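To start, the structure under review is shown below, and the notes come after it.
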Amino acid sequence: MVAETTVVTTAAPASTTIASTTPPPPLTPVYAFPFVGRSVTWHDTHSGYPAVDVFGCGATVVSPTNGTVVQVRDFDAWDPDANEPSTRGGRYVAVLGADGIRYYFAHLATLLVGVGDIVDAGDPLGPMGDTGDARSTVCHTHMGISWPCPGLEWQVRRGTVWPQAFLESWRDGGQLSPVEFVDQALAERPTACAEAMALPDASLS
């Protein structure tokens with residue numbers, strides 16, 4: 001699995017907080033279905049890259065595994081006129097799991113956690129919402145699964161493997177792990193973090 005990384009504080013708006021150097025707790029990963037409070041649905045595919053949009057306004061997004069909150073944005077920076085990819089997620093949370101995998105949830109209405117918080121599988125992260133470019137569509141949560149990068153970026157964080165099979169497993173009480181799938185995706189794209197961090201708007205992430 002990829003080594004733990006240190007993510008630095010950004011010079012972007014003060015309310016954008018990025019991960020500390022605290023590694024996730026050395027625990028065996030436990031997986032939970034990350035949407036509670038009402039039934040949700042999702043599509044089998046996603047436009048442009050591997051990810052999933054989950055629908056069920058009113059659901060609470062919870063951590064899919066035990067780990068550490070490594071990145072949040074607690075304000076909605078999206079400007080529809082500019083439509084920068086780095087801000088399309090609105091309010092979001094990224095959790096670095098004890099399995100070394102990063103789990104990203106975007107378009108949240110509010111946040112219930114902050115950077116450095118230790119979470120268990122099933123701990124609330126925030127309610128599903130319509131922040132970011134979801135304002136122009138419908139209330140939902142974008143979920144991305146990826147390896148962590150050592151600096152600011154949005155392109156890898158938004159998703160590198162398809163989450164649907166894991167959602168189905170966790171919904172049914174299974175413990176399917178994304179580790180080998182993320183490892184394979186990283187092996188196929190070893191320079192993805194460097195390329196993502198070099199994008200002009202990476203610092204706005």
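Since we're looking at a predicted model, the values are computed, not measured.
Partners of Trp162 by ring pair (Phe, Tyr, Trp, His ring centres under 6.0 Å), not counting sequence neighbours: none found. In this structure Thr137 satisfies the side-chain hydrogen bond (donor to acceptor under 3.5 Å, both in side chains) test with no other residue, sequence neighbours excluded. Under the side-chain hydrogen bond (donor to acceptor under 3.5 Å, both in side chains) criterion, Thr191 pairs with Glu195, sequence neighbours left out. With sequence neighbours excluded, no residue satisfies salt bridge (charged side-chain N to carboxylate O under 4.0 Å, His left out) with Arg158. Arg91 is linked by a side-chain hydrogen bond (donor to acceptor under 3.5 Å, both in side chains) to nothing, counting only residues two or more places apart in sequence or in another chain. Partners of Arg135 under the salt bridge (charged side-chain N to carboxylate O under 4.0 Å, His left out) rule, at least two apart in sequence or in another chain, are Asp76.
Between Thr60 and Met128, the closest side-chain pair of non-hydrogen atoms is not below 4.5 Å. Residues Ile145 and Thr160 have side chains not in contact (no heavy-atom distance under 4.5 Å, counting atoms from C-beta outward). Side-chain contact between Ser136 and Pro80 is absent, with no heavy-atom pair separated by less than 4.5 Å. A 4.5 Å side-chain heavy-atom check between Leu108 and Val93 finds at least one atom pair inside the cut-off. In this structure, the side chains of Leu125 and Asp123 stay at 4.5 Å or more apart for every pair of heavy atoms. With a 4.5 Å cut-off on side-chain heavy atoms, Gln155 and Met197 do not count as touching. Counting heavy atoms from C-beta on, the side chains of Val30 and Gln175 come closer than 4.5 Å. Side-chain contact check for Tyr103 versus Pro178: some heavy-atom pair is nearer than 4.5 Å.
A continuous path of Ile, Leu, Val, Met, Phe, Trp and Tyr side chains, each step under 4.5 Å between heavy atoms, connects Ile101 with Leu176, placing both in one hydrophobic cluster. In the hydrophobic clustering of ILVMFWY residues, with side-chain heavy atoms under 4.5 Å counting as a link, Val52 and Val95 come out together. Val62 and Val54 end up in different hydrophobic clusters when Ile, Leu, Val, Met, Phe, Trp and Tyr side chains are linked at under 4.5 Å. Under the 4.5 Å side-chain heavy-atom criterion for Ile, Leu, Val, Met, Phe, Trp and Tyr, Val161 and Val179 are members of the same hydrophobic cluster.
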Criterion side-chain contact (heavy atoms from CB on, under 4.5 Å) on Val70 and Val115, from CA distance to verdict: CA-CA 5 Å; Val70 291; Val115 167; over 6 Å; no

Chi angles and distances behind the side-chain hydrogen bond (donor to acceptor under 3.5 Å, both in side chains) call for Arg157, Ser146: CA-CA 6 Å; Arg157 183 184 65 214; Ser146 66; over 6 Å; no

Audit row: Val156, Arg102, side-chain contact (heavy atoms from CB on, under 4.5 Å) steps and yes/no: CA-CA 10 Å; Val156 175; Arg102 177 172 50 176; 3.5 Å; yes

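Here the OG-CD distance, from Ser203 to Glu153, works out to 12.5 Å after rounding to the nearest 0.5 Å. In this structure, OH in Tyr31 is found 10.0 Å from OG in Ser169, a value given to the nearest 0.5 Å. One distance of note links OG1 of Thr87 with CG of Asp79; it measures 7.5 Å at 0.5 Å rounding. Within the model, atoms CG of Leu96 and CG of Asp99 stand 8.0 Å from one another, a figure rounded to the nearest 0.5 Å. If you take CG on Leu112 and OG on Ser63, they are separated by 12.5 Å, rounding to the nearest 0.5 Å. We find the CG-CE distance between Leu167 and Met143 to be 5.0 Å, quoted to the nearest 0.5 Å.
The two residues Pro34 and Pro64 come nearest to each other via the heavy atoms CB-CB, 4.2 Å. When all heavy atoms are compared, the tightest approach of Ala32 to Trp170 is O-CE3, 3.7 Å. Closest approach of Pro29 to Ala98, counting heavy atoms only: CG-C, 4.1 Å. Here the shortest heavy-atom pairing between Ala196 and Ala202 reads O-CB, 3.5 Å. When all heavy atoms of Trp147 and Leu186 are compared, the pair lying nearest together is CZ3-N, 3.4 Å.
Applying the ring pair (Phe, Tyr, Trp, His ring centres under 6.0 Å) test to pairs two or more places apart or on separate chains, none has a residue in residues 186-205. Within the structure, the disulfide (SG to SG under 2.5 Å) test picks out no pair touching residues 70-114 (sequence neighbours left out). Screening residues 34-45 for side-chain hydrogen bond (donor to acceptor under 3.5 Å, both in side chains) gives no qualifying pairs among residues at least two apart or on separate chains. Screening residues 57-142 for disulfide (SG to SG under 2.5 Å) gives Cys57-Cys139 as the qualifying pairs, with residues at least two apart or on separate chains. Here ring pair (Phe, Tyr, Trp, His ring centres under 6.0 Å) pairs that include residues 174-205, with residues two or more places apart or in two chains, are Phe166-Phe181.
Checked against the 6.0 Å centroid criterion, the rings of Tyr92 and Tyr104 qualify as a close aromatic pair.
The aromatic rings of His140 and Phe55 sit tilted relative to each other, their planes meeting at an angle between 30° and 60°. By the 30° and 60° cut-offs, the orientation of the rings of Tyr49 relative to His142 is tilted.
Other members of the cluster containing Leu199 are Trp154, with ILVMFWY side chains joined at under 4.5 Å, either directly or via other members.
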